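Index from 1, following the sequence. As the structure is a prediction and not an experimental result, all values here were calculated from the model. Just so you know, ligand 1 is whichever comes first in the structure, and atom 1 is the first atom listed for that ligand.
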Amino acid sequence: MTKVGNYNTLEIHINAQNVATLELSRGAKSNAVNSEMWDELPPALELLDRRDDLRVVVLKGHGRNFCAGIDFSALKGLSASVDLSCPGRSREALRRSILRWQDSLTSLEKCRWPVIAAVQGACVGAGVDMITAADIRYCSADATFCVKEVDLAIVADMGTLQRLPGIVGEGVARELALTARIISAEEAKRVGLVTEVFPDVAALYAAVDRIAATMAAKSPLAITGTKRVMLHSRDMTVSNGLDYVATWNSAQMLSEDIQTVIESLARKSKQLPPFSKL
Ligand SMILES: CC/C=C\C=C\CC(=O)SCCNC(=O)CCNC(=O)[C@H](O)C(C)(C)COP(=O)(O)OP(=O)(O)OC[C@H]1O[C@@H](n2cnc3c(N)ncnc32)[C@H](O)[C@@H]1OP(=O)(O)O
C-alpha cells in the first residue's frame, strides 16, 4: 500500500492491484462533511483521475459510521459567510457555495475510474449524496441509510434528488426523500440502493477488495469507457446514447487491448491477459 496525497480529512492509499482506497478520515465525527472535506474531495479525485496506472477507487469511511452528512458547523458557516447587507449579493454568494459543494461530490462521477462505495454504520444526508455519485454500492449488515434533509427543513441539494431516482426508481426515491425514513441494509438491497449486503465490515471490505481486483484486471480502456458512456446515457435519450457510444467506440475499438483479448481467446486462455496502463 502506498499513501498518496496529503489531506486533513481524507486518506488515500493505492495497492499492488492499482486499486485506490479513498477513506473519509473524520471517524471521531462520524465522517461528517466539514468545509475542509468539501474542499479536499475535488483535488483528491482529480489526482486519482490523472493517474494512468490506476484502475478502481474504493470509497470508505473510517470508524463506526460511513458518513453523518454535512457537518453542522459547515451548515452554520454557510449562512454566516454571506454579506447580509445586500440580499442579491448574499444569494449569489450562497448559490456559488452550493454549486461548489455540488461539484465536490460530482468529482466522484468525473473521475474516469469506477468508484465503489463500501458503507458501514450510518449513511445520512450528504453521505447518501456521496454514494449516489459512486458507480457501485455495497454495505455491511449494520448499515442504515437516511435522506435526512427534510428533517432539517432543507431541500436536498447535493445530488440525491437527481441521482437516487435512477438507482431505486422514482417512487422509492420520493418516499425516502419526503419522509426521511431510515432504512436498513436489507431494505437498501431490496430497493436496489446497494448491490449486496455483507455480514460485517471485515466481510464487506474483503469482498470489495476482491471485486475491485477483478475489475482492475480488465482493459482500462473498456472500464473507463463503460463508466463514461453509462453516465452520458443516463442523462440522455436512448438514441442520443447510442449515437454517443458509436462515436466513442469508433475512437476506441482500434485499441491493442481488443487484439490482446482476441489473441488470448485464440490460445483458449481461461485468464484475462495483462493490459498496459492508459
Ligand atoms: C448546502 C447544504 C449542503 C449539504 C447538505 C447536506 C444535508 C445533510 O447532510 S442532512 C444530514 C445531517 N446529518 C444528520 O442529521 C446526522 C446527525 N448525526 C446523527 O444522527 C448521528 O451522529 C449518527 C450519524 C446516526 C451516528 O450516531 P452514533 O453512531 O451514535 O454516533 P454519535 O455519537 O452520534 O456521533 C459521533 C460523533 O460525531 C459527531 N457528529 C455526528 N453527526 C454530526 C454532524 N452532522 N455534524 C457534526 N458532528 C457530527 C457527534 O457529535 C459525535 O461527536 P462528539 O464529539 O463525540 O460529540
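Counting only N and O atoms by type, the side chains of Ser25 and Glu11 include no donor and acceptor under 3.5 Å apart.
Not a single N or O atom of Asp129, backbone or side chain, sits closer than 3.5 Å to an N or O atom of ligand 1. Backbone and side-chain nitrogen or oxygen atoms of Phe72 are examined, and one is located within less than 3.5 angstrom of a nitrogen or oxygen of ligand 1. For ligand 1, the polar-atom distance check finds no N/O of Ala32 at less than 3.5 Å from any of the ligand's N/O atoms. By the 3.5 Å distance cut-off applied to N or O atoms, Asp157 is not counted among the residues near ligand 1.
The presence of a protein heavy atom under 4.0 Å from atom 38 (O) of ligand 1 is confirmed. Protein heavy atoms are absent from the 4.0 Å sphere centred on atom 19 (C) of ligand 1. Atom 50 (C) of ligand 1 is not flagged as protein-proximal [any protein heavy atom, distance under 4.0 Å]. Proximity of atom 13 (N) of ligand 1 to the protein is indicated by at least one non-hydrogen atom lying closer than 4.0 angstrom. When distances from atom 33 (O) of ligand 1 to the protein are checked, a heavy atom turns up under 4.0 Å.
Using a 4.0 angstrom heavy-atom cutoff, Ala28 counts as in contact with ligand 1.
Residue Glu149 has at least one heavy-atom neighbour below 4.0 Å for each of these atoms of ligand 1: 6 (C), 7 (C), 8 (C). Near Gly125, the atoms of ligand 1 lying under 4.0 angstrom from a non-hydrogen atom of the residue are 8 (C), 9 (O), 10 (S), 11 (C). Listed by atom number, the atoms of ligand 1 under 4.0 Å from Gly69 heavy atoms are 9 (O).
By the criterion of a heavy-atom distance under 4.0 Å, neither the backbone nor the side chain of Asp151 is placed next to ligand 1. Using a 4.0 Å cut-off between heavy atoms, Lys29 contacts ligand 1 through both its backbone and its side chain. Contacts of Val33 with ligand 1, taken as heavy-atom pairs under 4.0 Å, are absent altogether. The backbone and the side chain of Ala68 each have at least one atom closer than 4.0 Å to an atom of ligand 1 (non-hydrogen atoms only). Under 4.0 angstrom from ligand 1, the non-hydrogen atoms of Leu78 all belong to its side chain.
The pair Asp52-Arg112 meets the salt-bridge criterion, with a side-chain N (NZ, NE, NH1 or NH2) lying under 4.0 Å from an Asp/Glu carboxylate O. Using a 4.0 Å cut-off between a side-chain N of Lys or Arg and a carboxylate O of Asp or Glu, Glu186 and Arg190 do not qualify as a salt bridge.
The salt bridge (charged side-chain N to carboxylate O under 4.0 Å, His left out) pairs that include a residue from residues 129-144 are Asp135-Lys227, where partners are two or more places apart or lie in different chains.
Taking each of Asn31, Val150, Thr144, Asp71 in turn, the one with a heavy atom nearest to atom 47 (C) of ligand 1 proves to be Asp71. With atom 35 (O) of ligand 1 as the reference point, the heavy atom nearest to it among Ser30, Ser104, Ala122, Ala74 is part of Ser30.
Nearest heavy-atom pair across Leu24 and Asn31 is O-OD1, 2.9 Å.
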Side chains of residues 265-278: which donor-acceptor partners sit under 3.5 Å, not counting sequence neighbours?
residue : atom : partner : partner atom : Å
Ser269  : OG   : Gln271  : N            : 3.2
Ser269  : OG   : Gln271  : O            : 3.1
Ser276  : OG   : Glu256  : OE2          : 2.9

